[in-house]
Protein chains: 2
Amino acid sequence: MENEKAVTLQDIANRLNLSVVTISKALRNHPDISIKTTKLIKKVAEEMGYMPNIMARNLSSRKSNTLGLVVPKIAHHFFGAIIESIFDLAFQQNYETILTVSQENAEREKKHLLTLLSMKVDGIIISVTQETKDLSVFEMIERRGVPIVFIDRVPESAQNYNIVKVDDYNGAYKAIEHAYNLGYRKIAHFGGATNINIGRDRMNGFKDAMNNFGIEINPNWIFEGGYSENSGYEFFMKLYKENNLPELILAVTYPVALGIYMAAKEVGLEIPKDIDVICFGNAKVQSFLSPPLSCIDQPTDLISKNAIDLIMKKIDDEDNEIAPQQIVLDTSLVLRGTCIKKH
Amino acid sequence: MENEKAVTLQDIANRLNLSVVTISKALRNHPDISIKTTKLIKKVAEEMGYMPNIMARNLSSRKSNTLGLVVPKIAHHFFGAIIESIFDLAFQQNYETILTVSQENAEREKKHLLTLLSMKVDGIIISVTQETKDLSVFEMIERRGVPIVFIDRVPESAQNYNIVKVDDYNGAYKAIEHAYNLGYRKIAHFGGATNINIGRDRMNGFKDAMNNFGIEINPNWIFEGGYSENSGYEFFMKLYKENNLPELILAVTYPVALGIYMAAKEVGLEIPKDIDVICFGNAKVQSFLSPPLSCIDQPTDLISKNAIDLIMKKIDDEDNEIAPQQIVLDTSLVLRGTCIKKH
DNA sequence: TTGTAGGCGTTATCAC
DNA sequence: GTGATAACGCCTACAA
């Protein structure tokens, strides 16, 4: 069974007794070609089922109209929401987005980044893994002149790159302030790795708030671990076995909070009566958990919007005259069935 | 600020006084080149920071090592899980995956499909929108010799394509059988569009089970709508306003069930006491809903695994000698806090 | 074991 | 207004 061969500009040119160049120009609405010819060419191209070969086009034009997006995970609400809106916004501006998933693995991330470079994307938006420390790839990307924007997660030493993130420090601070007013004094923080900003800033906001309100920080209640359900589960179980549970846990992400829910259920402890929780990240489904989970909301749509705007600006700025920008968005406290009163 | 120019094979060749072909072959471990030369070339390439231009490579080799993936949504658990595992499996086989989101819009889907074709992907995996009826694009893709595999959702008239799906009919049947044994007789189905298999098969499984067990089907309790939270919410509200609520609702997806949770909460009805629910689709978080949501589990990992295996087989089968395959996977009932007893 | 020639499909440049 | 020519960076086939 023979496959149909793809129609090329040459085929159309042959049929019409015109040159390849004329066809190419006409299809791109180049003013060189008369309206009449353009119309004819477009009609014939349509008839013949012409489809541009994007590889060839990109190779020759040195422009791909493509964005690279690197995230640590897909199946987490936060990243799902970010990806969906970035794809949408890019599509509206006629950009294709190439998604790549690092699975929280720095080596894999680096490999993906190199692939994106090889694919000649016009810009890269990335949320790094929790292990990412080595900046050499990013420096190389910069040197190559490919704009890069960090969203949400930024390596500690990359604070002068283009960044769109959330005010994590204040988010944590506000949560602790709220808990303090509720009367909570025994508060734990299940935090993330502190080599990236979200872990560090949330930790700092937590600690500063604790200190400012004169609450003692119990080092056994501070964890610097991961962002996944497993982490939440394990930290909780550790404290439970030590018989050393706090009254309230500030979880660094929604999955961590879910891990806490799992663990508490398993050992027969009731939230929020026996142990209370609040977390970063606002998924719609949190309203339907038992109990509904309160959180520090991160505005995912705004993050995406700002990231796209920024990267487009950078792509247009061919001479690289615009200085890197750091955009910090506000969080807000969303109170539901947890962390609303002390038990 | 001048950008670093990308290193090409030519640059390496110049430096080593060898031909471009030798470099190209060495970097691809072609047996033509001696081990010694190959080693040297690789070392120098590394030093010079060489990165292949994938556009050029694909253009000349007519192979992209790239898969196209089209889904209707990202931020739904089912698709998130599918995407994550497909990306992972493809990556392990050295394939890049280009994801594209149709947003349940058939026109957009078609556009994406054409783009993927233009990008010369080696194969396409797709879960269609609920509106997709027109098969012409798929026929064209076939004619072009690009393998395509449908997962989960398949247009009615495409049943002889490559398909990996779930036994939706039996899933629905089993659920109704279970409900019948519990004593339920007033059962509604919030279904999907019936022009694609998942809506149709679940509906048929539902109806056949109802008939077989001698339960009367109330047409006012049958909806053929959508797969989103909105649908669940609206259908529920409609019945509520008519004061015509059933005892149990079989929801076509987890988001639809979530919509029902939202609506019930809003009007002060308690699940499962006042109204009971069961749905297709198993997200981990369903265990933590209030009440924990029972479901008909669809094995997402197995779907992805089978889809990748099938597409790879098709890609290798250049002469197109293997007949299209339809793979149907079993579902299982996962009982939690809903649909476990009649109230 | 290495190199030469030609082409993949498109676009940029400059001439007609 | 239209076209010839030369890239873009790489690969295949064949020659040396």
Side-chain angles (χ1 to χ4, degrees), chain A residues 3-42 44-45 48-66 115 117-122 144, chain B residues 3-42 44-45 48-66 114-115 117-122 144 318:
Chain A
N3 296 330
E4 216 166 79
K5 254 188 48 204
V7 179
T8 69
L9 292 182
Q10 185 67 60
D11 297 330
I12 305 178
N14 290 152
R15 168 99 98 90
L16 291 174
N17 269 325
L18 288 168
S19 80
V20 178
V21 184
T22 307
I23 312 296
S24 169
K25 284 183 178 166
L27 292 178
R28 285 176 293 141
N29 295 315
H30 200 292
D32 268 6
I33 313 299
S34 73
I35 299 191
K36 204 172 137 221
T37 320
T38 299
K39 261 200 178 144
L40 172 66
I41 292 178
K42 284 198 172 173
V44 174
M48 297 177 71
Y50 170 77
M51 286 170 42
N53 181 326
I54 293 190
M55 302 291 165
R57 168 175 292 177
N58 293 348
L59 181 60
S60 155
S61 69
R62 269 168 237 66
K63 226 280 186 184
S64 67
N65 261 266
T66 295
T115 304
L117 238 34
S118 275
M119 296 177 95
K120 303 293 169 191
V121 295
D122 294 334
R144 287 267 203 278
Chain B
N3 296 329
E4 217 166 79
K5 252 186 50 205
V7 180
T8 70
L9 291 183
Q10 186 66 61
D11 297 330
I12 306 179
N14 290 151
R15 170 98 98 89
L16 290 173
N17 268 326
L18 288 168
S19 79
V20 177
V21 184
T22 307
I23 312 294
S24 168
K25 284 181 177 167
L27 291 178
R28 283 176 293 142
N29 295 314
H30 200 293
D32 269 5
I33 313 298
S34 73
I35 300 191
K36 206 174 133 217
T37 319
T38 300
K39 261 200 179 145
L40 172 67
I41 291 178
K42 284 199 173 172
V44 174
M48 298 178 69
Y50 171 76
M51 288 170 44
N53 181 327
I54 294 190
M55 301 292 165
R57 169 176 291 176
N58 294 348
L59 181 60
S60 84
S61 70
R62 267 169 238 70
K63 226 276 183 187
S64 67
N65 263 267
T66 294
L114 294 180
T115 304
L117 238 35
S118 275
M119 295 177 96
K120 303 295 172 188
V121 295
D122 294 332
R144 287 268 203 277
E318 289 178 14

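All of these numbers come straight from a predicted model, not from anything done at the bench.
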Legend entry - NZ (K39(B)) with more than 12 external heavy atoms under 6.0 Å: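 Counting neighbours around NZ of K39(B), 12 or fewer heavy atoms of other residues, nucleotides or ligands fall under 6.0 Å, so no.
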Inset, instruction - Please find the earliest and latest nucleotides of DNA chain D, in the 5' to 3' direction, that have an atom within less than 4.0 Å of any heavy atom of chain B. - result: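 First and last nucleotides in contact are dG9(D) to dC14(D).
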Inset, instruction - List in numerical order all residues of residues 15-23 of chain A for which some heavy atom is under 4.0 Å away from an atom belonging to DNA chain C. - result: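 V20(A), V21(A), in order of number.
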Inset, instruction - Pull out every residue in residues 6-13 of chain B that has a heavy atom closer than 4.0 Å to any atom of DNA chain C, ordered by number, or say none. - result: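 By residue number: none to list.
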Taking all non-hydrogen atoms of both residues into account, name the closest pair between [X] and [Y] and its distance.
| X | Y | answer |
| --- | --- | --- |
| M48(A) | V7(A) | O-CG2, 3.0 Å |
| K120(A) | S64(A) | O-OG, 2.7 Å |
| M55(B) | M119(A) | CE-O, 2.8 Å |
| S118(B) | P52(A) | OG-O, 2.9 Å |
| D11(B) | A6(B) | OD2-O, 3.8 Å |

Using atom names, set out every protein N or O paired with an N or O of nucleotides 14-16 of chain C below 3.5 Å, distance rounded to 0.1 Å.
none

Legend entry - Residue-phosphate contact under 4.0 Å: R57(A) side-chain N/O, dC8(C) OP1/OP2: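 The answer is no; no side-chain N or O of R57(A) sits under 4.0 Å from OP1 or OP2.
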Inset, instruction - Give a yes/no answer on whether the side chain of S24(A) brings an N or O atom under 4.0 Å of OP1 or OP2 in dT11(C). - result: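 So the side chain of S24(A) is within the cut-off, an N or O lying under 4.0 Å from OP1 or OP2 of dT11(C).
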Legend entry - Expected output: side-chain S24(B) to main-chain V20(B) donor-acceptor under 3.5 Å: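 A pair under 3.5 Å: no.
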Inset, instruction - Look only at the side chain of S60(A) and the backbone of A56(A), and say whether a donor-acceptor pair between them is shorter than 3.5 Å. - result: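 Checked: no pair found.
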Legend entry - Whichever of R62(B) and P31(B) has its nearest DNA chain C nucleotide further upstream toward 5':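 Whichever sits nearer the 5' end wins; that is P31(B).
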Legend entry - Nearest-nucleotide comparison on DNA chain D, the residue closer to the 5′ end among M55(B) and I33(A):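 Upstream on the strand: I33(A).
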Legend entry - Bending between helix ends of the helix from dT1(C)-dA16(D) to dC16(C)-dG1(D) [5 pairs per end, 10° resolution]: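 Angle reported: 40°, given to the nearest ten degrees.
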Inset, instruction - Quick one: list whatever passes side chain to side chain contact (heavy atoms under 4.5 Å, CB included) with L16(B), sequence neighbours left out. - result: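 Partners of L16(B) by the side chain to side chain contact (heavy atoms under 4.5 Å, CB included) criterion, ordered by chain and then number, come out as I12(B), L18(B), I23(B), L40(B), I41(B), V44(B).
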Legend entry - Distance in angstrom units between L40(B) CG and dT1(C) C1', rounded: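 Going from CG in L40(B) over to C1' in dT1(C) covers 15 Å.
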